[in-house]
Amino acid sequence: MNQINATSDQMCFELPIFQANLGNSVLDASGFPVDFYFQDIGLKHTSFCQSAICYIDGSKGLLLYRGYPIEELCKHFQFESIMYLLLFGELPTSRTLKSFTKKLIKYRHIPDYCYSLLEHLPESSHPMGILLTLVSALAADSSQSLDDPDEMAIRIVAQMPILVALSQRHARTLKPVHQDSNDDSLGYVPDFLFRLFGQIPTEHTVTAFDQILTLHAEHEQNASTCTLRVSGSTGTNAYAALAAAITALWGPAHGGANEACMQMLEAIKTCDRIPEYIEKAKSKEDPFRLMGFGHRVYRSRDPRADVMKSLAKEVLDSKQDKPLFRLAPSLEKRALEDPYFISHQLYPNVDYYSGIVQRALGIENNAFTTIFALARTTGWMSHWLEMMRDKTPIIRPRQHYIGPRKRSL
Ligand code: CMC
């Protein structure tokens with residue numbers, strides 16, 4: 001352990017530095033001896049936990065799940081193996097994958113009240129709001145909770161496809177597709193697509209969704225995972241922590257960006273309007289931002305965006321949405337040549353092409369984020385399991401108070 005000096009006007013401290021296995025070292029402030037705080041608005045420089053699940057090198061555009069590069073995982077493994085890897089730390093053997101898959105099927109059902117609850121929600125409800133309502137209902141039902149955290153995590157990832165399919169269908173005023181929960185003929189992704197579309201999906205669609213889920217499955221301490229950890233640290237039940245994470249994901253600065261990006265492309269409509277929107281994004285007077293661009297961590301290309309862009313090329317080859325696809329690369333090219341985007345190190349993120357791909361596969365704009373939630377549930381539950389194993393203390397930060405001094409009425 002190294003020591004460094006941190007000085008202020010009057011004080012000098014020695015703080016230990018921990019070397020990370022990869023990436024930045026960490027200054028250990030846990031034993032800080034005096035009564036003042038570190039200010040880090042937006043937690044840009046704060047490591048608030050230890051984790052062995054995911055590593056991002058934002059300057060190199062590197063994303064590793066349990067040490068494996070995302071591009072290789074996408075190429076060689078189906079989503080069930082990715083789930084196992086994230087939840088339990090290693091890729092499964094054929095024996096462990098078989099027993100994991102069996103459990104996913106065993107837990108693949110939800111209580112009947114979830115279906116009746118849907119009937120009370122307005123048809124105009126947003127799919128993310130419906131998903132949140134269903135997960136909250138499960139949080140209220142103690143019979144859904146399991147004592148063994150591993151089993152609990154598997155139950156949640158197994159139930160999530162049913163909840164997402166129900167949310168999307170309700171928002172499209174379609175009746176649920178009832179699938180025999182004992183029917184083990186369909187794997188995780190095909191079963192989800194059957195519940196969503198009411199027909200057995202093509203192999204091509206299954207492969208595309210498999211990759212979408214893998215790309216979105218995990219991304220270390222993003223806003224929703226951080227929210228899950230904060231709520232999970234209070235000891236609340238796993239469904240309640242999941243509901244908190246879904247809430248955080250919904251916002252357009254996070255998972256909602258794929259929906260906002262598609263709306264933006266639809267508003268721009270034709271390539272001749274690109275310069276106007278680039279100027280809007282650069283203007284400090286205009287709150288508009290180029291959706292699907294920029295990232296808190298990536299200061300070079302988001303590796304997920306590259307895989308998603310290739311997927312978009314494959315998927316759109318046989319589809320009608322081509323005008324949008326022509327617009328998206330043109331806008332990307334113009335932005336990447338612009339001095340503002342260059343100096344601010346703004347590149348397309350995973351959400352830039354994910355909406356286009358999902359649209360081509362039959363998902364409505366307002367449902368994109370529920371697919372993100374389905375994928376990210378594996379990441380969230382991996383962090384929840386890690387917290388359970390590590391016995392994480394309650395997360396309770398402090399603040400820089402800027403309100404009035406004590407005063408009398
Ligand atoms: N368009 C135009 N300017 C931007 C953009 C953008 N998309 N993103 C950041 N900037 C500018 C921002 O105006 C600021 O400029 P200046 O320093 O001159 O005032 C500078 O870049 C830094 O911005 P910031 O908001 O401090 O950066 P951040 O790291 O806090 O925010 C972000 C990251 C993702 C919230 C932001 O880039 C953004 O709003 N992007 C659009 C929404 C989006 O695509 N979100 C999906 C993120 S990836 C999926 C996920 O992980 O959830």
Side-chain angles (χ1 to χ4, degrees), residues 40-46 53-59 61-63 65 70 128 212-228 245-265 267-268 274-309 328 331-358 365 368-380 383:
D40 180 14
I41 307 280
L43 303 184
K44 290 190 176 190
H45 303 279
T46 297
I53 300 169
C54 176
Y55 174 72
I56 305 172
D57 184 329
S59 60
L62 179 71
L63 169 60
Y65 290 174
I70 186 72
M128 281 296 277
I212 293 171
L213 296 186
T214 297
L215 288 175
H216 288 90
E218 164 59 10
H219 217 224
E220 52 119 298
Q221 302 310 319
N222 53 83
S224 56
T225 302
C226 174
T227 304
L228 177 118
I246 291 170
T247 306
L249 184 73
W250 193 354
H254 189 10
N258 46 22
E259 180 182 348
C261 179
M262 185 56 92
Q263 285 164 352
M264 173 189 78
L265 292 172
I268 301 175
I274 289 175
E276 181 195 330
Y277 277 83
I278 295 269
E279 289 314 308
K280 268 167 79 66
K282 288 155 58 174
S283 164
K284 291 295 161 218
E285 277 75 57
D286 193 326
F288 173 78
R289 283 183 168 200
L290 215 54
M291 298 315 287
F293 258 77
H295 199 275
R296 171 62 65 82
V297 182
Y298 294 115
R299 298 299 171 200
S300 67
R301 291 196 70 90
D302 175 343
R304 304 169 301 171
D306 291 339
V307 181
M308 197 60 88
K309 189 175 177 180
L331 176 61
E332 178 191 1
K333 186 166 178 292
R334 277 300 290 266
L336 292 177
E337 289 166 357
D338 191 285
Y340 172 92
F341 286 82
I342 295 170
S343 63
H344 284 73
Q345 299 177 302
L346 299 169
Y347 296 86
N349 58 53
V350 68
D351 287 320
Y352 191 68
Y353 284 102
S354 88
I356 295 176
V357 173
Q358 292 192 46
N365 285 12
F368 297 160
T369 316
T370 61
I371 301 287
F372 194 155
L374 169 59
R376 191 53 63 82
T377 299
T378 293
W380 291 329
H383 283 271

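Note that the structure is predicted; figures quoted are calculated from it, not measured. Order of appearance sets the numbers: ligands from 1, and atoms from 1 within every ligand.
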Nearest protein heavy-atom contact for atom 36 (C) of ligand 1: which residue, which atom, what distance?
R289 NH1, 3.4 Å

Under 3.5 Å, is there a donor-acceptor pair between the side chain of S300 and the main chain of G61?
yes

Stepwise salt bridge (charged side-chain N to carboxylate O under 4.0 Å, His left out) check, E332 with R301:
CA-CA 12 Å; E332 178 191 1; R301 291 196 70 90; 3.1 Å; yes

Taking N or O atoms only and a 3.5 Å limit, does N349 qualify as a polar contact for ligand 1?
yes

Which residue and non-hydrogen atom of the protein lie closest to atom 40 (N) of ligand 1, and at what distance in Å?
F293 O, 2.9 Å

Where ligand 1 meets G292 - atom numbers and elements under 4.0 angstrom, heavy-atom basis:
43 (C), 44 (O)

Y340 to ligand 1, any heavy atom closer than 4.0 Å
yes

How about atom 27 (O) of ligand 1: does it have a protein heavy atom within less than 4.0 Å?
no

Does the protein come close to atom 9 (C) of ligand 1 - that is, does one of its heavy atoms sit below 4.0 Å from that atom?
yes

Atoms in ligand 1 with a heavy atom of D351 nearer than 4.0 Å:
46 (C), 48 (S), 49 (C)

Side-chain heavy atoms of Y65 within contact of I70, under 4.5 Å
yes

Ligand 1 versus Y352: contacting region, heavy-atom distance under 4.0 Å
neither

Nearest protein heavy-atom contact for atom 7 (N) of ligand 1: which residue, which atom, what distance?
L290 O, 2.8 Å

Find all atoms of ligand 1 within a distance of less than 4.0 Å from any non-hydrogen atom belonging to K284, and give their numbers and elements.
13 (O), 15 (O), 16 (P), 18 (O), 19 (O)

Closest non-hydrogen atoms of A373 and W380, given as atom of the first, atom of the second and distance, are O-CZ3, 3.8 Å

At their closest point, which heavy atom of G294 faces which heavy atom of N349, and how far apart are they?
O-ND2, 2.9 Å

Protein heavy-atom partner closest to atom 50 (C) of ligand 1 - residue, atom, separation in Å:
H254 ND1, 3.5 Å

Identify, by atom number and element, the atoms of ligand 1 in contact range of G255, meaning under 4.0 Å from any of its heavy atoms.
52 (O)

If you scan protein heavy atoms around atom 2 (C) of ligand 1, the nearest is A281 O, 3.6 Å

M264 and F288: which non-hydrogen atoms are nearest, and at how many Å?
SD-CZ, 3.7 Å

Between K282 and ligand 1, find which residue part has any heavy-atom pair under 4.0 Å and reply side chain, backbone, both or neither.
neither

Worked check of ring pair (Phe, Tyr, Trp, His ring centres under 6.0 Å) between Y298 and H219:
CA-CA 11 Å; Y298 294 115; H219 217 224; 5.3 Å; yes

D302 side chain reached by Y352 side chain, heavy atoms, under 4.5 Å:
no

Trace of the side chain to side chain contact (heavy atoms under 4.5 Å, CB included) decision for V350 with H216:
CA-CA 8 Å; V350 68; H216 288 90; 3.8 Å; yes

Show me which atoms of ligand 1 lie under 4.0 Å from any heavy atom of K44.
26 (O)

Compute the minimum heavy-atom distance from G42 to ligand 1 and say whether it is under 4.0 Å.
no

Identify, for atom 43 (C) of ligand 1, the protein heavy atom at the shortest distance, and state residue, atom and that distance.
A257 CB, 3.5 Å

Before we go on, tell me: are the rings of F293 and H344 under 6.0 Å apart, centre to centre?
no

Would you say that L331 contacts L290 through its side chain, given a criterion of any heavy-atom pair below 4.5 Å between the two side chains?
yes

Just so I know, are the side chains of K282 and I278 near enough to count as touching, which here means a heavy-atom distance under 4.5 Å?
yes

of all protein heavy atoms, closest to atom 4 (C) of ligand 1 is L346 CD1, 3.5 Å

How far is atom 45 (N) of ligand 1 from its nearest protein heavy atom, and which residue and atom name does that atom have?
A253 O, 3.2 Å

